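Predicted, not measured: the structure shown is a model, and the values here were computed from it. Note that these values count all heavy atoms, side chains included, but never hydrogens, waters or copies made by symmetry.
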Amino acid sequence: MKKFKALSMMLIITMLLAACGFTDPDEEPKNTEGSETTDGYSLLTIANPADITTLDPQNNNVITTSAVLVNIYNKLVKRDASGEIVPDLATGWEQMDDTTWEFTLTEGVTFHNGDDFTAEDVKFSLERVANDNTLQQYSVFNKIAEVKVVDDHTVHIVTEEADPQLLSRLSTVAASIFPAAHFEEVGAEEFFQHPVGTGAYQFSDWKKDNYVELTRFEDYFEGEPNWEKVHFTVVPEDSTRVAELLTNEVDIAFNIPTADIDRINDNDGTHVKLEPIQRVIQLWLSTEEDAPTADPRVREAIDLAIDNQVIIDEILLGAATPTRTHVTPGNFGANESLYDTYEYDPERAKELLAEAGYEDGITVDISVNNYYTEMAEVVGGMLQEVGITANLELLEQSQFAKRLFAEDLAEGVFVGWGNDMFDGSVLELFREDNVTSYANEEVDELLNEAAYNMNEEERSEQYQKVQEILAEDRGVVYLFQLEGRYGVSDRIDYTPRLDELYVVDEITLSE
């Protein structure tokens, strides 16, 4: 059995299912006509299949959590809806040399508790995640050596070495800024029970496995937010999310089953939005000596046994694109020759197994985030056709994440993985001593060079070369890039983001 090691980068384990929720009869009514004010902006309700896992953005690797927390906190910079890095709590920035960046901070910003935002808050927040190795995002930020306060509205961020990805790191939800004095006064435990940020919406309540409630922050520095209140409800059952959308109880329902798309589109008052998201479905295979998948011929056989397009057509109704890389178009360093393509040859797969000495077949244990159960079962059937028995271990959200970080998943892992930095550095998954067991000296060398290379053209070429090696060596079996499937009420104007974040103030009433 493969043991997984500690993460060394921002890993977006995306859309993992939560445990069963319940409905509280005393809960405040959801998004019904009676809950709206005359302008219609009283309550926005978003139904997700999973609950958040924490209110600490620096100790989180789950996209469903980041999608909520992005509304509570701000960062120095952020990505707009098109994926471009734009100002947030910083009005501008300049690279002074290879290891020093100067940021000019926005003035007149207030935290939810009334504290003024200053450079001291930036120093405290970023140094917390850069220095505390117990936080899940430590490995993303530990290249920051120091944050120097120049004055109340100017900081210098100093990195240990040249860091071409610094702006991308600072654009992630993990780079959220906290009020330093208040945090230190109450301590981390108390702070994250009642979190304070500068975001458009302030924390109100979290009923675990039920909903998270946010309310409008009247003193938001970019102007009054649209919605008075936002509910992120937890609805694990697909059929229930669809039913609540159709009966106007929710405004947005994520991960609509493909079988319900026509039903929602044909319903008066609802429609479906299909938009590409960063998540790539993939199968990690152990390369440790005691695993049959250590033989590259076996890994290739597994890849060739899977008909990606059949899964896309039959299960996803076309809402995905086959890929042999994780760095899809729109991300820095994408190798587009490996996108919108796949290899399928079950007869060659059988030959490869025989060449590897497995004429009678093999058995591979695969841990599956049960969000992807149907896909994994179809893959298992395809593998069976060439002589590979896949023992699927189905795990719900909390168990999958817990087992991952406890280094206790099977030799195969069926997972959807995002790329919140929009960068080829997501390939660091496959560096030696990282989250997978795959090791390749040339890959390690290229990734190490790219990590410090300030020449963007060269760095892109290095990432593209890594993708070619992984595709040839089957360091991972990529299947397809998903499209997000969102059921949406006609009363709102909503365009899903590539990064899967719900930036609530981008959601407005339909004209």
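No hydrogens or angles considered: a donor-acceptor pair under 3.5 Å links the side chains of Q278 and N331. Side chain to side chain, T54 and N60 fail the donor-acceptor criterion of an N or O pair below 3.5 Å. Of the N and O atoms on the side chains of D505 and Y220, not one donor lies less than 3.5 Å from an acceptor on the other residue. For the residue pair N142/S139, the side-chain donor-acceptor check at 3.5 Å is not satisfied. Judged purely by distance below 3.5 Å, without hydrogens or angles, the side chains of D97 and T100 pair a donor atom with an acceptor atom. Between the side chains of S460 and Q464, at least one donor-acceptor pair of N or O atoms lies under 3.5 Å.
Counting only distance, with no hydrogens or angles, the side chain of R79 and the backbone of M421 share a donor-acceptor pair below 3.5 Å. At least one donor-acceptor pair closer than 3.5 Å links the side chain of R169 to the backbone N or O of V140. Between the Q282 side chain and the V280 main chain, a donor and an acceptor come within less than 3.5 Å of each other. Under a 3.5 Å cut-off, the side chain of D493 and the backbone N or O of L509 do not form any donor-acceptor pair. The backbone N or O of I507 sits less than 3.5 Å from a side-chain atom of W227, completing a donor-acceptor pair. With hydrogens and angles ignored, the 3.5 Å screen pairs a side-chain donor or acceptor of T270 with a backbone N or O of I264. Remark: side-chain polar atoms of N131 are paired, donor with acceptor, to backbone N or O of E127 under 3.5 angstrom. Of the possible polar contacts, none joining the D260 side chain to the R263 backbone as a donor-acceptor pair under 3.5 Å is found. Formation of a donor-acceptor pair under 3.5 Å by the D121 side chain with backbone atoms of A180 is found in this model. D132 places a side-chain N or O within 3.5 Å of a backbone atom of T134 that can act as its donor or acceptor partner.
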Item to complete: Using the side-chain contact (heavy atoms from CB on, under 4.5 Å) rule, take T91 and H153 through it: C-alpha gap first, then chi angles, then the decisive distance, then the call.
Response: CA-CA 10 Å; T91 59; H153 296 99; over 6 Å; no

Worksheet item: What do the steps show when you test N370 against T373 for side chain to side chain donor-acceptor pair (under 3.5 Å), and what is the final call?
Response: CA-CA 5 Å; N370 69 355; T373 296; 5.2 Å; no

Discussion item. What verdict does the side-chain contact (heavy atoms from CB on, under 4.5 Å) test give for N369 and V413, after you've listed the backbone C-alpha separation in whole Å, the side-chain angles of each residue and the deciding distance to 0.1 Å?
Written reply: CA-CA 8 Å; N369 161 14; V413 178; over 6 Å; no

Discussion item. What verdict does the side-chain contact (heavy atoms from CB on, under 4.5 Å) test give for I63 and D420, after you've listed the backbone C-alpha separation in whole Å, the side-chain angles of each residue and the deciding distance to 0.1 Å?
Written reply: CA-CA 9 Å; I63 190 62; D420 73 330; 5.6 Å; no

Fill in: Criterion side-chain contact (heavy atoms from CB on, under 4.5 Å) on V230 and N71, from CA distance to verdict
CA-CA 10 Å; V230 186; N71 298 287; over 6 Å; no

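Closest of all the heavy-atom pairs between V68 and V212 is CG1-CG1, 4.2 Å. Here the shortest heavy-atom pairing between P179 and D115 reads CB-OD2, 4.1 Å. Closest approach of T198 to T110, counting heavy atoms only: CG2-O, 3.9 Å. Heavy-atom minimum distance, K75 versus S171: CE-O, 3.3 Å. Of all the heavy atoms in P496 and E275, the pair that sits closest is CD-CG, 3.6 Å. The heavy-atom pair separating S125 from Q58 by the smallest distance is O-NE2, 3.0 Å.
Taking 4.5 Å as the limit, every side-chain heavy atom of P195 sits out of range of all side-chain heavy atoms of H112. K229 is listed as a side-chain neighbour of E213, based on a closest heavy-atom distance under 4.5 Å. A heavy-atom distance below 4.5 Å is found between the side chains of M375 and L316. Using a 4.5 Å heavy-atom cutoff, the side chains of F178 and F192 are in contact. Considering only heavy atoms from C-beta on, N255 comes within 4.5 Å of R241 through its side chain. At a threshold of 4.5 Å between non-hydrogen side-chain atoms, the residues R491 and S510 do not count as touching. Counting only heavy atoms from C-beta outward, the side chains of Q193 and W206 never approach each other to under 4.5 Å. Contact check for V155 versus L126: no side-chain heavy atoms found under the 4.5 Å cut-off.
T321 OG1 to I312 CD1: the interatomic distance, rounded to the nearest 0.5 Å, is 6.5 Å. The CD atom of Q165 sits 10.5 Å away from atom CG of N453, with the distance rounded to the nearest 0.5 Å. For the atom pair CD1 of I261 and NE2 of H271, the computed distance is 12.5 Å after rounding to the nearest 0.5 Å. Atom OG1 of T53 is separated from atom NZ of K208 by 9.5 Å, given to the nearest 0.5 angstrom. Here the straight-line distance linking atom CD of E249 with atom OG1 of T45 works out to 9.5 Å at 0.5 Å rounding. Here H231 contributes atom NE2 and T215 contributes atom OG1; the two are 9.5 Å apart, rounded to the nearest 0.5 Å.
Using bins of under 30°, 30° to 60° and over 60° for the plane-to-plane angle, the ring pair Y486/Y502 lands in the perpendicular bin. The aromatic rings of F111 and F117 lie perpendicular to each other, with more than 60° between the two planes, well past the 30° mark. Using bins of under 30°, 30° to 60° and over 60° for the plane-to-plane angle, the ring pair F430/W284 lands in the perpendicular bin.
Summarising the local packing, CD of E218 is surrounded by more than 12 heavy atoms from other residues, nucleotides or ligands at distances under 6.0 Å.
With salt bridges taken as basic N to acidic carboxylate O contacts below 4.0 Å, one links D423 and R459.
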